[in-house]
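Order of the sequence lines fixes the chain letters, A, B, ..., with proteins taken first and strands second; residue numbering starts at 1 for each chain. Just so it is clear, the model here is predicted, and its values are computed rather than measured.
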There are 2 protein chains.
Amino acid sequence: MQINKNSSVIDRPGLEARALVIKAMAHPTRLFIIEELSRGKKCVCELTEMLGVDVSTVSKHLSVLKSVGIVKDEKKGLMVFYTLIMPCLLPFMNCIARVLNQDETTSVNPCSCNNCK
Amino acid sequence: MQINKNSSVIDRPGLEARALVIKAMAHPTRLFIIEELSRGKKCVCELTEMLGVDVSTVSKHLSVLKSVGIVKDEKKGLMVFYTLIMPCLLPFMNCIARVLNQDETTSVNPCSCNNCK
DNA sequence: TTACTATTTGCTAATATTACCAAATATAGA
DNA sequence: TCTATATTTGGTAATATTAGCAAATAGTAA
């Protein structure tokens with residue numbers, strides 16, 4: 001996403017930057033990666049095997065996460081290990097998961113997850 | 001986004017559903033709307049005036065947020081008021097904002113926002 | 001009824017995202 | 001050096017998202 005793509009976009013400070021971080025999370029494969037990395041660092045090859053998609057696809061997803069500061073990478077020999085460096089994403093994902101598990105009433109009743117109380 | 005678009009997508013339970021909620025947030029205009037609604041319900045016309053974009057654009061952003069259960073709507077006369085029903089999104093957004101405000105070191109150092117501690 | 005206002009919906013062009021293949025790069029070991 | 005492995009990068013086709021216009025819908029009031 002481009003920053004300030006045109007003048008009609010509201011530019012409340014940090015809005016576009018925050019949207020970039022959230023957009024980086026907004027893909028099932030990248031959510032999976034975030035969850036896996038929350039259990040500890042993993043190399044690209046491990047994630048690729050778990051995901052069952054092309055390694056170049058995994059690499060690009062990781063670069064999206066890295067570009068917004070959600071993960072960092074670290075080279076060891078031939079392998080590159082990725083680490084989650086923004087763990088505050090996890091309680092948020094759990095909150096969403098709890099809300100979604102409330103079956104059919106989810107979309108009309110106020111959120112009742114722990115964070116929302 | 002389609003659910004289970006093909007067989008190579010990992011189907012850890014709830015992954016796609018969570019991605020849909022996060023994707024609904026992943027736009028500067030919708031983040032703005034979420035922030036504004038966190039201060040209280042607002043009608044489409046109020047949001048439209050604040051945003052300075054076409055009312056149909058605002059209406060469509062609101063329908064994205066509604067479809068995943070982030071907001072609910074309520075008709076009063078000619079006007080439709082929207083209410084935030086998933087306030088647990090706010091601490092998450094604050095966390096991201098704090099991380100982003102840590103200037104140039106953000107993308108290489110572990111998150112140190114309150115949630116991540 | 002007609003007129004007016006608020007909102008939603010249908011449509012379209014512009015833009016962005018995605019997955020994969022193929023090629024490039026980087027590192028290790030023989 | 002040559003070979004093999006791990007990862008990234010470039011390119012491309014398919015798909016998805018977006019904004020705004022125009023038209024449709026819904027509610028109010030004369």
Give a yes/no on whether any side-chain N or O of A/Y82 is located under 4.0 angstrom from OP1 or OP2 of D/dA6. no
Given atom CG of B/D73 and atom C1' of C/dT9, what is their separation to the nearest angstrom? 15 Å
Residue-phosphate contact under 4.0 Å: A/H27 side-chain N/O, D/dT15 OP1/OP2: no
Residue pairs passing the salt bridge (charged side-chain N to carboxylate O under 4.0 Å, His left out) test with at least one member in residues 73-94 of chain B, sequence neighbours excluded, are B/K41-B/E74, B/K66-B/D73
State, to 0.1 Å, how close B/M93 and A/R18 come at their nearest heavy-atom pair, and which atoms those are. O-CD, 3.7 Å
Quickly work out the B/L51 CG to D/dT18 P distance and round it to whole Å. 14 Å
If hydrophobic clusters are built by linking Ile, Leu, Val, Met, Phe, Trp and Tyr wherever their side-chain heavy atoms come under 4.5 Å apart, do A/V64 and A/V53 end up in the same one? no
Give the minimum heavy-atom separation between A/A26 and B/A26, together with the two atoms involved. CB-CB, 4.2 Å
Would you indicate whether the side-chain heavy atoms of A/I96 and B/F92 approach each other to under 4.5 Å? no
Whole angstrom is fine here: how far is it from CD1 in A/I33 over to C1' in D/dT7? 14 Å
Excluding A/M79, membership of its hydrophobic cluster (Ile, Leu, Val, Met, Phe, Trp, Tyr; side-chain heavy atoms within less than 4.5 Å) reads A/F81
Would you kindly give the CZ-to-C1' distance between B/F81 and D/dG27, to the nearest whole Å? 14 Å
Which whole-number value in Å describes the distance from B/E74 CD to C/dT7 P? 13 Å
Any side-chain heavy atom of A/I70 sitting closer than 4.5 Å to one from A/I85? no
Donor-acceptor pairs are to be reported for all side-chain atoms of residues 56-63 of chain B against protein atoms at under 3.5 Å, with residues two or more places apart or in another chain.
{"from": "B/S56", "atom 1": "OG", "to": "B/D54", "atom 2": "OD2", "distance (Å)": "2.7"}
{"from": "B/H61", "atom 1": "ND1", "to": "B/R30", "atom 2": "NH1", "distance (Å)": "3.0"}
{"from": "B/S63", "atom 1": "OG", "to": "B/K60", "atom 2": "O", "distance (Å)": "3.0"}

What is the distance from CG of A/L20 to P of C/dA16, rounded to the nearest Å? 12 Å
Roughly how many Å is it from CG in B/L65 to C1' in C/dT7, rounded to a whole number? 16 Å
Please work out which residues in residues 54-62 of chain A have a non-hydrogen atom less than 4.0 Å from an atom of DNA chain C and list them by number. A/D54, A/S56, A/T57, A/K60, A/H61
I need the NZ-P distance between A/K23 and D/dT18, as an integer number of Å. 6 Å
What pair of heavy atoms forms the shortest contact from B/A24 to B/L65, and how long is it? O-CD2, 3.6 Å
Anything under 3.5 Å between a protein N or O and an N or O of nucleotides 24-30 of chain C, put it in a table, one pair a line.
none

Over all atoms of both residues, closest heavy-atom pair of A/L37 and A/Y82: CD2-O, 3.4 Å
Is the backbone N or O of A/F32 less than 3.5 Å from a side-chain atom of A/E35, with the two atoms forming a donor-acceptor pair by type? no
Expected output is a numbered-order residue list: members of residues 34-45 of chain A with a heavy atom under 4.0 Å from any atom of DNA chain D. What is it? A/C43, A/V44, A/C45
